[in-house]
Amino acid sequence: MRYDFAAIEAKWQQRWAASGVFRAANPGEAGFDPDKPKFYVLDMFPYPSGVGLHVGHPLGYIATDIVARYKRMLGFSVLHPMGYDAFGLAAEQFAVEHGVHPRQTTEKNIANMTRQLKRLGLSYDWDRALATTDVGYYKWTQWIFLRLHGAWFDPARNKARPIAELEQLLESERLYIMPDGELIEPPAQGLEGIGGTPFGAIRWQELTVHQRRAVIDSRRLAYMDEVAVNWCPALGTVLANEEVTNDGRSERGNYPVHRRPLKQWMLRITKYCDRLERDLDLVDWPEPIKLMQRNWIGRSEGARVDFPLAYGTAKDAQEAITVFTTRPDTLFGATYMVLAPEHPLVDAVTSDPQRAAVRAYQKQAAARSDADRQAEGKTKTGVFTGGHAVNPVNNERIPIWIADYVMMGYGTGAIMAVPAHDSRDFAFAKTFGLPIRDVVYTPALTAIAAFAARADLAATDEKTLCEQMVDFVGLCINQQVSDFDAAYQAILRRREKDTFGGPLGSNRGAIASIWQDTVKALHESVGIARLLAAARKGEVISLLDDAETEHGVNVNSANEEVSLNGLPTAQAKHVIVEWLEKRGLGRKQIQYKLRDWIFSRQRYWGEPFPILHGPDGEVRAVDEADLPVELPAMEDFKPEASDDPSAPPRPPLARAPESWRYVEIDGVRYERELNTMPQWAGSCWYYLRFCDPNNDERFVGREAERYWMVSPKKDGQPHAGGVDLYVGGAEHAVLHLLYSRFWHKVLYDLGEVSTPEPFGRLFNQGYIQAYYYEDARGVRVPAEEVADASGTPAAELQDQIAPLFHHGQPVKRLYGKMGKSLKNAVTPDEICDQYGCDTMRLYEMYLGPLDQSKLWNTRDIIGVHRFLQRVWRNFVNEETGALLVTDEPPGDEIRRLLHRTIKRVTDSMNAMAFNTAIAALIELNNALVSAERLPREVAQAMVRMLSPLAPHIAEELWEKLGRAGEEALMTAGWPGYDEVMLLDAEVVYPVQINGKVRGRITVPSDADEDAVLAAAQQDEQIARNLEGKQVRKVIVVKGKLLNIVVG
RNA sequence: GCCGGUGUGGCGGAAUUGGCAGACGCGACGGAUUCAAAAUCCGUUUCUCGCAAGAGAGUGUGGGUUCGAGUCCCUCCACCGGCACCA
């Protein structure tokens, strides 16, 4: 009876489905066991693509399945669900191209992918399967949107609260609104303004209904605003910043994108910057992913500083321009200011003679798309406004420019320019001849200054001077010299006997680059003159021909009240900010890069907003009772590709039947919101729905959510609860994972969920890569049609390959992520047909570490397939079908091997290092080949260890073993090992002489150091090597090795 | 440019805290079985020199720390990923 994987796999997949063994019971349901610990292991759910899965997709799914099965064996109650992220641009594009309604194509694709996934024997609880396009699902997506719409962010508590509470606070005057929109609490006793309100505050009672509504609406977490959006004419929709690539194109489809102002739904994610950043400390995620999120959030600490406008500049403007800077310590070096072209104060500061030039520049900047800007690189452009401001620390009058290297979207849209210590300001100052003033001496600059003060500039030739300086600076930086006199003398002494070879000490950091630049300067005979001219005048100039952005020590930084001179950068920042605060000129400020999330799309295939627009501009939330707002059935759902700047885009839903578009409430006719939500909406919360997918009352039942999401705290570990293991690709590092965290935190603030974070542990699997082939024209050809000259398919060739051909044409072999576009996809179906899914699972796991990208090589699959066949033959007599198992206990050696293997496999499973788990099982199995009959004890342990990895063959063998007493394999338990069995009576020591292995000795494992050494000295080969040499030192690493140091 | 990751035989990869580099698999080579082939089984397989015993070299480069470095520190290089005028 041979190993018939097809029959075995079909049999067990049917049995599992029929018995529902993988169904996870919620609290209160039949079969729920409150004593079991829970484990929630989740895959990033896929988008149901028309071409189905290739072997790259299931990599993560197989891994989570192994974890799920392993955890079940350890006695956990495991939640392991699967679903589909089915809304979005890709599905709609596919439908448009094929002329079929997206719901049809989506359903068809889901059916196909579900079939493919089931074939892999993945132990999902299919009863919980969902798609974001299910009406019963997106009803709750809309419901969550209403929560966002119905909430505001209270900065005092740093959390979201229901909007009704804001209304109450305003109405009862426990909170006031200032004209700039700031919310303030009532002033302390004695400081009230007229009528008990703060000076300048807007009185709620005096506002009209419209004004009140505007105040409230502008503070919601979901709000409408006219913003410069990323408009993609080809896709006919707005895109999020995260959906636009660096070169100004759409991530989906690679179409051009440009900015245009449009009124859009926005989500106020920026209010959560602080918590999104800080709470990364609570989760167990890969550090690189955390870092990417941190960079995206972009927290900077700095200061806000007001620069008053100089007399004769402003006509009717406010008196000051506010800037944000991370380097307030360089304030004395600010020699000009720059406003973004769109800055509201530009008009006010512009002088009449400059007005035409400023207008022209503004117009030009507005017209330039991001792609154009990119093409121009970092060349600085700008125009002088004619206006001046006053540097508050030294009362200097400095010019105000506008330039597009300052952006309105970050900070205040205005900067103070410190060309000496910021490379962009430096480039701008160079271009326009603006003054540059050093106010921070970095270690390199300090050393150069010290050199210039000591060297005999008049009497030494230029080349020698340069060489001396490089030596001197190198010495000072490398050895952190503070006694410059001694250092200078050392250099002179060295020069006497040494020829010039390079900077003293090892080449490190700053000195290496100075060294390179100087050598270059020497070489080209440029720069030296400049350098020496400056040195002779007692000035210091940077050798690097760029701003010195490193931290250092302040110089030239003092006024009558405050001096930063001599202070290191961190201290200087602190002192100057304190001074500014005291004088009311500035304050400490934390700034983030993250912008609010543009949340509407002008597309059909998305969740409709539960929002109505009234005739007077009222924005009204749909009553909860009226959810869901179903997507209307439409024949023509194509987007309108348009780029008419005067006409707002018409989303497809504008063509929906009037019966859908208009709703009458209390005699008022409302029009529905015609935009739809972006694809991210559905994936923001699906992990919650999986806890309780059929709940009609709530988006997730409270008890189910608590049970699956809250995990017990481990001592000393940062802890946020949430999904216990979330596995997916790193491509979602900032998009999905940031958006989900944001929604989750809002739901947490509003008391709808129990944990501050959605995903307690994240694991990024690598990609599966594969060779792909291009012909002479650079056109990719299908990988399976490529062969060598003799016609052998490329997949079967060795790695050192002969020239390859596609239908006679020579092709080039390249390497990339597997997929449709590279024409190198291999489907799991073809592998399952040929080898079975157990082999497929083992192969993908055996390929290498899960978190690394690795090369798919069909030829190698045979290795793990042979392993399974050998396992089968170790258990079953292929002739008779008889079980080759004995009840005799195993021999001592086999038993020790078994226990060592159990330890290795257990450790590997815990570390998710499935490749090494499989290697250990192969070794054990190979050691058993020679045995006539397998001891039952070994056979049982082996099957248990194999079962998470190759569950079908394991189940079959388990059944043949008689189920070890009626136990289902899933609950059979994971084998344990005995520490004592890991130790051998004797141990082999490699003996090193001066670190080289010269022989090995066998000693009892409890031998002490002297005994080990004595044994080594008796060894013939070792003795020969020691002959005539003196033993200086002996190192014995217990149980590991012996090293004899001789002289 | 900045940030992050990776670099080990012909190939994929292994190597708790620094302790025998190359586990395991693929491929290749040799052998057994077979009329033959497939399949299977046994053996060899980092490189160089050597009939051999053995010797030497070796984890991208160069240096350092250490009795001892794939592992720690510094430097440079290559490839992959992210960000990119963020003040």
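Values below: every heavy atom of this structure, side chains too, minus hydrogens, waters and symmetry copies.
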Under 4.0 Å, heavy atoms only, any strand: does [X] hit a base, just the sugar-phosphate, or nothing?
X         : value
A/Leu1041 : base
A/Val1045 : sugar-phosphate
A/Ser300  : sugar-phosphate
A/Asp425  : nothing
A/Ile1035 : base
A/Asn994  : nothing

Using atom [atom1] of each nucleotide, how far apart are [N] and [M] to the nearest Å?
N      : M      : atom1 : result
B/rC42 : B/rU48 : C1'   : 29 Å
B/rG31 : B/rG12 : P     : 29 Å
B/rA14 : B/rG58 : P     : 24 Å
B/rU16 : B/rA23 : P     : 15 Å
B/rC74 : B/rC85 : P     : 30 Å
B/rU75 : B/rG81 : P     : 25 Å
B/rU46 : B/rG10 : C1'   : 10 Å
B/rC35 : B/rG50 : P     : 42 Å

Rounded off to whole Å, could you give me the [atom1]-to-[atom2] distance for the [X] and [N] pair?
X        : N      : atom1 : atom2 : value
A/Glu923 : B/rA23 : CD    : P     : 9 Å
A/Lys854 : B/rC24 : NZ    : C1'   : 16 Å
A/Glu287 : B/rG81 : CD    : C1'   : 17 Å
A/Asn295 : B/rG4  : CG    : C1'   : 9 Å
A/Lys593 : B/rA84 : NZ    : P     : 7 Å
A/Leu291 : B/rG81 : CG    : C1'   : 13 Å
A/Asn857 : B/rC24 : CG    : C1'   : 16 Å
A/Ile861 : B/rC11 : CD1   : C1'   : 15 Å

Any idea which of [options] is nearest the [X] side chain?
X         : options                : answer
A/Ile415  : B/rA87, B/rC26, B/rA23 : B/rA87
A/Asp422  : B/rA87, B/rC42, B/rC24 : B/rA87
A/Lys1033 : B/rG25, B/rC67, B/rA87 : B/rC67
A/Pro849  : B/rG13, B/rG4, B/rC26  : B/rG13
A/Arg998  : B/rG27, B/rG56, B/rC24 : B/rG56
A/Thr916  : B/rA15, B/rG12, B/rC85 : B/rA15

Given the rule in the salt bridge (Lys or Arg N to Asp or Glu O under 4.0 Å) test, do A/Lys573 and A/Glu301 qualify, once you have shown the distances and angles that lead to the verdict?
-> CA-CA 11 Å; A/Lys573 282 184 184 178; A/Glu301 280 184 32; over 6 Å; no
Within residues 323-334 of chain A, those residues having any heavy atom closer than 4.0 Å to RNA chain B are A/Phe324, A/Thr325, A/Thr326
In numerical order, the residues of residues 868-876 of chain A whose heavy atoms come under 4.0 Å of RNA chain B are A/Gln869, A/Arg870, A/Arg873
Exercise for the section: Could you tell me whether B/rG9 is syn or anti, where syn means a glycosidic angle within 90 degrees of zero? Expected result: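 Here B/rG9 takes the syn form, which means its glycosidic angle is within 90° of 0.
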Next item on the list: Output yes when at least one side-chain N/O atom of A/Asn915 is less than 4.0 Å from OP1 or OP2 of B/rA23, else no.
Entry: no
Give a yes/no answer on whether the side chain of A/Arg866 brings an N or O atom under 4.0 Å of OP1 or OP2 in B/rG27.
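For A/Arg866, the contact criterion (side-chain N or O under 4.0 Å from OP1 or OP2 of B/rG27) is met.
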I'd like to know if A/Asn1043 reaches the base of B/rC67 with its side chain, counting only an N/O donor and acceptor under 3.5 Å. yes
Given the structure, check if the side chain of A/Tyr846 and the base of B/rC24 hold any donor-acceptor pair shorter than 3.5 Å.
yes
Taking for A/Gly411 and for A/Arg904 the nucleotide of RNA chain B with the nearest heavy atom, the one nearer the 5' end belongs to A/Arg904
- Query: Relative to the 5' end of RNA chain B, which residue comes earlier, A/Val997 or A/Gly298, by the nucleotide with the nearest heavy atom?
  - Reply: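 Final value for this comparison: A/Val997.
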Paired with A/His421, the side chain to side chain contact (heavy atoms under 4.5 Å, CB included) test is passed by just one of A/Thr549, A/Thr330, A/Ile436, namely A/Thr330
So, applying side chain to side chain contact (heavy atoms under 4.5 Å, CB included) with A/Ile289, which one of A/Leu280, A/Leu762, A/Val734 is it?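 The residue from A/Leu280, A/Leu762, A/Val734 that satisfies side chain to side chain contact (heavy atoms under 4.5 Å, CB included) with A/Ile289 turns out to be A/Leu762.
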Sidechain-backbone polar pair: A/Arg437 side chain, A/Phe332 backbone, donor-acceptor under 3.5 Å: yes
Side-chain contact test, heavy atoms from C-beta onward, threshold under 4.5 Å: evaluate it for [X] versus [Y] and give yes or no.
X        : Y        : answer
A/Val418 : A/Arg327 : no
A/Val406 : A/His343 : no
A/Val440 : A/Asp329 : yes

Exercise. Inspect the contact between A/Glu979 and A/Lys903 and indicate whether a charged nitrogen and a carboxylate oxygen are less than 4.0 angstrom apart.
Key: no
Intra- and inter-strand pairing of RNA chain B, written as dot-bracket with Watson-Crick and G-U pairs under 3.5 Å and | for the latter, reads (((((((..(((......[....)))((((((.......))))))((((....))))..(.(((..]....))).))))))))....
Quiz item: Quick check, are the ring centers of A/Phe763 and A/Trp285 under 6.0 angstrom apart?
Solution: no
May I have the step-by-step check of ring pair (Phe, Tyr, Trp, His ring centres under 6.0 Å) for A/Trp856 and A/Tyr843, ending in yes or no? CA-CA 10 Å; A/Trp856 179 269; A/Tyr843 174 65; 4.9 Å; yes
Evaluation steps, side-chain contact (heavy atoms from CB on, under 4.5 Å), between A/Leu850 and A/Leu59 = CA-CA 8 Å; A/Leu850 194 58; A/Leu59 185 70; 4.2 Å; yes
> In this structure, are over 12 heavy atoms from other groups packed under 6.0 Å from A/Lys588 atom NZ?
Replying inline: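 No, not enclosed.
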Charged tip of A/Lys380 within 45° of A/Phe428 ring normal and under 6.0 Å
no
ask   = With a distance cut-off below 6.0 Å to the six-membered ring centre and an angular limit of 45° from the axis, does A/Arg304 pair with A/Phe324 as a cation-pi contact?
value = no
Should the ring pair A/Tyr835 and A/His865 be called parallel, tilted or perpendicular, given that the plane angle runs from 0 to 90° and is split at 30 and 60?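 Ring orientation of A/Tyr835 relative to A/His865: perpendicular.
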